[in-house]
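Numbering of ligands and ligand atoms starts at 1, following listing order. In what follows, every heavy atom counts, from backbone to side chain, and hydrogens, waters and symmetry copies are set aside.
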Amino acid sequence: MKQSHDVIVVGAGPAGATLAYELGKRGIGVLVLEKEKLPRYKCCAGGVTRKAAKLLDFDISEVVEDVIYELSFNFKLGRPYLGQHSQPLIYTVMRDVFDHFLVKRAQQLGAVLIDGQKVTQIQVSADWIEISTTDNIFRSRLVVGADGAYSVVARELGMVRSMEYATGIESEIVVPEEEMAKWKSRVQIDLGCIPGGYAWVFPKRNHLSVGAGCLASKARHLNRHHQKFLNSLGISSYTIARSSSRLIPMCTKGRFVWQDKALLLGDAAGFTDPLTGEGIYNAIQSAQLAAPVIENSLVRGKVGLQDYQQIVEWKIMSELRIARTLSKNFVRFPRLAFGVFNQSEEVWRAVSNLMLGEINYAAIKGKVGGFRGILNRLLRF
Ligand SMILES: Cc1cc2nc3c(=O)[nH]c(=O)nc-3n(C[C@H](O)[C@H](O)[C@H](O)COP(=O)(O)OP(=O)(O)OC[C@H]3O[C@@H](n4cnc5c(N)ncnc54)[C@H](O)[C@@H]3O)c2cc1C
């Protein structure tokens, strides 16, 4: 017999788990279908900015690996610009632990998880949506695609449009204690050593997450550049516990993220910041924006989910558009991007306030007089 549910969420990453939690708070029953067995590894630097953590109404400290107060920006591993802050800017996490922690929160509010269930097909009829997995068929009134970069929901419902991709590669390097101590509370970002992107080091409790990312169109030699970056840090001889790569989806202009009975969240919608590669913030934010729209539809009988499109246009896509314009220039001119930091403390203040969630791209753009203002400053530099 087919099981019937109000809402089926496909994917138990930060987007799916947060939506299940938010709907649980509203007394709405949710089934979460996840293809992996939880906890599952996720290729990610595991940087949860302070602004992302602030979105959650519970404490995440039990799953935090390190707390970052300092960012070191380099150009081709040269002399760094060191930005420091008295408040935590980023929390580093292991995604298997962090994501499972979020799912458990949702389960406490009544969400049902079935893991090891890969969704393969979705069929929409007038009354129901039928969701097939490798060994089951489920029915629901609404379906939400929170199934990441390779979203089957977006594909099955014909919503894979207006998308660009970056490629990210990540290695978990186990280093001795004295090496770990050098990285405590500090993230390093290197501009210029990865054509069309950047490289990073994020410290965890017992190892370093070292990665690199760039536009997928420039990723042919990403592996080689990543290896060179590891060599130049002097840590390539240590054990690589894990190494993998994934696509990072970024929506472009005109992306539709809703249909009559379906919504897309997080990576499935392409909500990663094209400048920084940060995706957890918008995964959580999109889920929080979707929850009241779903409630209006299921509980108050409001027809259609188009309000979700409107709210994400305003809160998310407008921000991503600015980040995209900045990213295009910074990717093309990494030396200039690095030089901007040395120009004045004001730039670091803006960057740190972005991470703290005290300012957004629109406010920065307004403050410096639009893109023309930003360009003038760069030219002055
Ligand atoms: C190398 C790299 C480094 C990154 N570093 C950072 C960082 O430091 N900070 C940051 O904020 N962001 C980072 N990101 C981006 C971030 O990982 C994503 O934006 C974020 O995971 C999006 O969350 P999500 O819930 O939308 O999707 P995901 O976390 O991808 O979750 C999707 C879930 O859906 C499941 N799923 C997929 N297909 C199916 C299916 N057919 N049936 C059932 N389940 C399915 C998957 O198994 C997965 O559990 C990085 C990305 C990469 C590639």
Hey, is ligand 1 close enough to [X] that some N/O pair sits below 3.5 Å?
X: Ala45; result: yes
X: Val152; result: no
X: Gly266; result: no
X: Arg95; result: yes
X: Cys44; result: no
X: Glu170; result: no
X: Val119; result: yes
X: Ile280; result: yes
X: Lys35; result: yes
X: Leu247; result: no

Ligand-side contact atoms (ligand 1) for residue partner [X], heavy atom cut-off under 4.0 Å:
X: Gly13; answer: 25 (O), 29 (O), 31 (O), 33 (C)
X: Glu36; answer: 47 (O)
X: Arg246; answer: 53 (C)
X: Gly148; answer: 27 (O), 30 (O), 32 (C)
X: Ala146; answer: 32 (C), 33 (C), 34 (O)
X: Leu33; answer: 43 (C), 44 (N)
X: Lys118; answer: 41 (N), 42 (N)
X: Cys43; answer: 1 (C), 2 (C), 52 (C), 53 (C)

**OP:** Could you tell me whether Glu177 atom CD has more than 12 heavy atoms of other residues or ligands within 6.0 Å of it?
**Re:** no
Subject >> CG (Asn206) with more than 12 external heavy atoms under 6.0 Å >> reply: no
For [atom], grab the closest protein heavy atom and report residue, atom and distance to one decimal in Å.
atom: atom 15 (C) of ligand 1; answer: Gly277 O, 3.7 Å
atom: atom 19 (O) of ligand 1; answer: Asp267 OD1, 2.7 Å
atom: atom 8 (O) of ligand 1; answer: Gly47 N, 2.9 Å
atom: atom 33 (C) of ligand 1; answer: Glu34 OE1, 3.6 Å
atom: atom 37 (C) of ligand 1; answer: Asp147 O, 3.3 Å
atom: atom 12 (N) of ligand 1; answer: Gly279 N, 3.0 Å

Is any NZ, NE, NH1 or NH2 atom of the basic residue among [X] and [Y] found under 4.0 Å from an Asp or Glu carboxylate oxygen of the other?
X: Asp66; Y: Lys184; result: yes
X: Asp127; Y: Arg141; result: no
X: Arg40; Y: Asp115; result: no
X: Glu164; Y: Arg324; result: yes
X: Arg242; Y: Glu172; result: no
X: Glu178; Y: Lys182; result: no

Between [X] and ligand 1, which residue portion shows a heavy-atom distance shorter than 4.0 Å: side chain, backbone, both, or neither?
X: Ala52; result: neither
X: Thr272; result: side chain
X: Val10; result: side chain
X: Gln117; result: backbone
X: Ile248; result: side chain

Can you find a heavy atom in the side chain of [X] that is under 4.5 Å from one in the side chain of [Y]?
X: Ser244; Y: Ile169; value: no
X: Ile294; Y: Leu19; value: yes
X: Leu89; Y: Tyr69; value: no
X: Val32; Y: Ile114; value: no
X: Met163; Y: Arg255; value: yes
X: Pro195; Y: His225; value: yes

**OP:** To the nearest 0.5 angstrom, please state how far the CZ atom of Arg205 sits from the CD atom of Glu65.
**Re:** 4.5 Å
Subject >> Heavy atom of Gly211, distance to ligand 1 below 4.0 Å >> reply: no
Original post:
Is there a heavy atom of Gly213 sitting under 4.0 angstrom from any atom of ligand 1?
Top reply: no
**OP:** Could you check whether the rings of Phe73 and Trp348 sit parallel, tilted or perpendicular, using 30° and 60° as the cut-offs?
**Re:** perpendicular
Original post:
With distance as the sole test, does Ser140 use its side chain to make a donor-acceptor pair with the main-chain N or O of His5 at under 3.5 Å?
Top reply: no
